[in-house]
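When reading the values below, keep in mind they use all heavy atoms of this one structure, side chains included, and skip hydrogens, waters and symmetry mates. One is the number of the first residue; the rest follow in order along the sequence.
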Amino acid sequence: MLTTRFVTGAPNWIDLGTPDIQGAAAFYGGLFGWRFQPGGPEVGGYGLFQLGGRTAAGGMQTTPEQGPPSWTVYFQAPDADATAKTAEQARGSVLTQPMDVQDLGRMAILADQAGVPFGLWQPGRNKGLEVVQEPGSLCWLELYTADVPAAAAFYHSVLGLETFAVDFPGGTYTTFNPAGEGEDAMFGGVVPLSDAPGEEEAYWLPYFEVTDTDAIVARAQELGGTVRMPATDIPDVGRVAKLTDPYGARFAVLRSEPQQG
């Protein structure tokens, strides 16, 4: 599961690129109770979405030239420069070269072998997200891709991620966990596009924990969002829905099933 005790390869940050940061702040504030704290000109207006005073995500206003509205997930790297080089050697690419963000940390934006963007965060003063797994915060990630073995090999070579196959009626679900942390540390899954109706391109999809999936779906629509997949029960997982915000950024919500002791 996701924690804020980050290790190499674990997701440690997520941020939103949107054409209207104030509109997005109103949407996610109404949905999750987030409050947006804008940054100054020294960080290009990049700000923090906070949940009860703890950072749940980052966000900034972007232009069409910077890509479509979207969520980007970042993984912890002890050396962003070395990891970026490894990604290139593994047939990925570097979209934004590693750079320092003041004394907060060092970041880069990469793309995997299928062209899916993701970030690296080498922590400095900012260690990463301050809240996960709680209602209104990141709880899971899913990578949609045409070639699951190729994706697993790429993220293993670049981030050290290990995969674990979880059986379910009708097949298996491939999960990711940081190297050496075991299956209890799994934080995301890999889904072949051929098994995902409505998914047409490879990308990372973030899931946010909620207490009532149906109520969140209704609220998202009231706030101008769109339903991509209606609330659906998944045995032993919980109740899931896929949404987009008013600007087209994709995300999902999950009311997790209580873990059996």
Side-chain angles (χ1 to χ4, degrees), residues 2 11 14-18 24 27-28 31 57 62 64 66-75 91-93 95 109-119 138-156 158-159 161 163-177 186-210 213-214 216-217 220-221 224-256:
L2 278 167
I14 187 168
D15 64 18
L16 174 69
T18 179
F27 174 81
Y28 290 102
L31 201 63
T62 53
Q66 292 172 283
S70 62
W71 282 99
T72 300
V73 59
Y74 294 71
F75 297 91
R91 296 170 52 196
S93 56
L95 305 179
I109 303 293
L110 313 181
D112 67 17
Q113 84 298 340
V116 177
F118 67 98
L138 185 68
C139 67
W140 190 251
L141 295 163
E142 232 165 27
L143 173 64
Y144 291 88
T145 186
D147 190 334
V148 171
F154 176 86
Y155 287 97
H156 177 71
V158 175
L159 297 171
L161 300 186
T163 54
F164 179 78
V166 177
D167 292 326
F168 68 92
T172 59
Y173 182 67
T174 301
T175 65
F176 277 131
N177 59 267
M186 58 187 177
F187 60 77
V190 194
V191 180
L193 287 172
S194 58
D195 293 347
E199 300 292 359
E200 299 178 352
E201 63 178 359
Y203 75 110
W204 279 101
L205 177 68
Y207 282 70
F208 298 98
E209 184 71 30
V210 296
T213 303
D214 296 80
I216 287 289
V217 168
Q221 291 175 295
T226 302
V227 179
R228 299 178 58 236
M229 185 186 84
T232 304
D233 288 320
I234 300 179
D236 300 322
V237 174
R239 192 160 175 81
V240 174
K242 295 180 182 178
L243 307 168
T244 65
D245 69 19
Y247 311 99
R250 297 170 290 194
F251 66 101
V253 294
L254 167 66
R255 187 208 67 213
S256 298

Minimum heavy-atom distance Tyr155-Val116, with the two atoms named: OH-O, 4.5 Å
Quick check: closest heavy atoms across Leu95 and Leu110, and the distance to 0.1 Å? CD1-O, 3.7 Å
What closest approach, in Å, do Trp71 and Pro206 show between heavy atoms, and which atom pair accounts for it? CB-CG, 3.8 Å
Donor-acceptor pair, Gln221 side chain versus Val227 backbone, under 3.5 Å? no
Is the centre of the Phe27 ring less than 6.0 Å from the centre of the Tyr247 ring? no
Shortest non-hydrogen pair, Leu243 vs Arg228, comes out as O-CD, 3.8 Å
With heavy-atom distances below 4.5 Å as the criterion, would you say the side chains of Asp112 and Leu143 are in contact? yes
Donor-acceptor pair, side chain of Thr145 and main chain of Ala151, under 3.5 angstrom: no
Could you check Thr72 against Trp204 for side-chain contact (heavy atoms from CB on, under 4.5 Å), going step by step and ending with a plain yes or no? CA-CA 8 Å; Thr72 300; Trp204 279 101; over 6 Å; no
Lys242/Glu142 ion pair, N-O < 4.0 Å: no
Pro11 side chain reached by Leu2 side chain, heavy atoms, under 4.5 Å: yes
Spatial distance of atom OG1 (Thr163) from atom CE (Met186) [nearest 0.5 Å]: 12.0 Å
Take Phe251 and Tyr28 through the test ring-ring contact (aromatic ring centres under 6.0 Å, His included) and record every step on the way to the result. CA-CA 11 Å; Phe251 66 101; Tyr28 290 102; 5.5 Å; yes
Name the orientation class of the two ring planes belonging to Phe75 and Phe187 (parallel below 30°, tilted from 30 to 60°, perpendicular beyond 60°). tilted
Measure across Leu138 and Trp140 and return the closest heavy-atom pair with its distance rounded to 0.1 Å. CD1-O, 3.7 Å
Output the distance between atom CG (Asp15) and atom OG (Ser70), rounded to the nearest 0.5 Å. 8.5 Å
Minimum heavy-atom distance Arg255-Asp233, with the two atoms named: NH2-OD1, 4.5 Å
Under 3.5 Å, side chain of Thr175 to main-chain N/O of Phe164, donor-acceptor pair present? yes
Donor-acceptor under 3.5 Å (Thr172 side chain, Asp167 main chain): no
